[in-house]
Amino acid sequence: MAGSMHTMFVAAEPGPIEVDWGSTALLIIDMQRDFMEPGGFGETLGNDVSQLARAVAPIAAVLKAARETGMLVVHTREGHLPDLSDAPPAKVERGAPSLRIGDPGPMGRILIRGEAGHDIIPALYPVEGEIVIDKPGKGAFYATSLGADLKAREIDTLLVCGVTTEVCVNTTVREANDRGYRCIVLADGCASYFPEFHEMGLKMIKAQGGIFGWVSDSAAILQALQNTPETSNKLAAGASR
Ligand code: C5J
């Protein structure tokens, strides 16, 4: 496979990984206003939502390159049906948040599909042709069409980014790993309300020879795309537009 038009080694930990861009998708986890902005689900749980902003620019850079090269892009959104029929009471009733899932908040009902807070932030908004997966859980494979969507497109490698590192990113990577996908997590394209959980969440993925996957970053992905003959032409064409 080495040296073909579509493949390139990506610098990563615990070691470089050879990627065939034709069977790779960019998976962006839960970059929703409910997690990123004041007044949403994340803040009702007592979190400092400004901690997540650092992931936006690296994701935007990789998303732009993915669009220019024609890579499959998948966005996920955590949230529930308006009647809460897909929200386990154990999730809704947990803890002592300032507002519970389904309560009215400044961006609409907290973590409810169709509300303003549930939507993806404008900087990373999906465009036509990209897949948007609505998920009731932390993992993107649980109770969704993601597995079937990836299988139909013969995807075997996922570039994973989004929020939060130790919750929905980690859960999804573990689900994907068990299903046979190779996950490359973008360290600077993920964030947590707790910087120490971000660090440990990444360490857990790449430890033990990459027990759940690989950890790389946006610069390494962009460089590998640039160095792949097939994709570099498309990137150059995108840059000159
Ligand atoms: C959380 C998520 N943190 N998207 N969800 O509840 O990580």
Side-chain angles (χ1 to χ4, degrees), residues 26-56 58-59 63 74-81 84 86-103 105 107-113 115-121 123-126 131-144 146 158-177 183 185-205 212-213 215:
L26 175 63
L27 179 59
I28 306 177
I29 305 288
D30 299 359
M31 292 300 287
Q32 296 162 252
R33 299 183 65 195
D34 252 322
F35 295 104
M36 306 294 298
E37 295 184 16
F41 180 63
E43 193 179 73
T44 69
L45 297 174
N47 295 308
D48 171 9
V49 295
S50 71
Q51 289 288 341
L52 305 190
R54 67 191 70 179
V56 176
I59 297 175
L63 177 59
V74 183
H75 306 257
T76 71
R77 300 186 295 201
E78 179 180 347
H80 297 283
L81 297 168
L84 295 183
D86 62 350
K91 179 178 181 182
V92 178
E93 292 162 7
R94 190 161 316 163
S98 59
L99 293 172
R100 290 196 186 275
I101 295 169
D103 284 350
M107 294 189 287
R109 294 177 66 201
I110 298 292
L111 216 60
I112 297 297
R113 293 183 195 172
E115 302 287 346
H118 177 262
D119 214 350
I120 291 170
I121 59 169
L124 303 174
Y125 210 75
I131 297 174
V132 179
I133 298 286
D134 280 321
K135 63 187 182 68
K138 305 303 183 193
F141 288 84
Y142 168 66
T144 73
L146 179 59
L158 300 172
L159 304 181
V160 189
C161 53
V163 297
T164 61
T165 315
E166 79 282 11
V167 183
C168 290
V169 171
N170 244 272
T171 306
T172 298
V173 166
R174 291 168 190 227
E175 287 183 327
N177 184 59
C183 292
V185 179
L186 308 190
D188 57 344
C190 297
S192 169
Y193 301 119
F194 309 94
E196 67 273 29
F197 290 177
H198 172 78
E199 289 305 321
M200 292 310 294
L202 297 175
K203 278 186 181 169
M204 287 178 195
I205 289 164
F212 295 122
V215 175

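None of the values given here were measured: they were computed from a predicted structure. Counting starts at 1 for both ligands and their atoms, in listed order.
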### Task
Output the set of protein residues with a heavy-atom contact under 4.0 Å to ligand 1, ordered first by chain identifier and then by residue number.
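Residue list for ligand 1: D30, F35, F41, E78, K138, V163, T164, V167, C168.
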
### Task
Without swapping roles, check the side chain of T76 against the backbone of D30 for a donor-acceptor pair under 3.5 Å.
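Checking the backbone N and O of D30 against the side chain of T76, a donor-acceptor pair under 3.5 Å is found.
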
### Message
Can you pull out every salt bridge (Lys or Arg N to Asp or Glu O under 4.0 Å) where at least one residue sits in residues 160-176? Sequence neighbours excluded, please.
### Response
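Passing the test, one end in residues 160-176: no pairs.
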
### Query
Which distance, rounded to the nearest 0.5 Å, do you find between the CG of L52 and the OG of S192?
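L52 atom CG to S192 atom OG measures 7.0 Å (nearest 0.5 Å).
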
### Query
Does a side-chain heavy-atom distance below 4.5 Å link N47 with F194?
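Yes, at least one pair of side-chain atoms sits under 4.5 Å.
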
### Message
If we count only N and O atoms by modelled type, under 3.5 Å, do the side chains of D86 and H80 hold a donor and an acceptor together?
### Response
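Judged by distance alone, the side chains do pair up.
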
### Query
Only one of R113, R33, K91 clears salt bridge (Lys or Arg N to Asp or Glu O under 4.0 Å) with E78; which?
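Filter result, single survivor: K91.
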
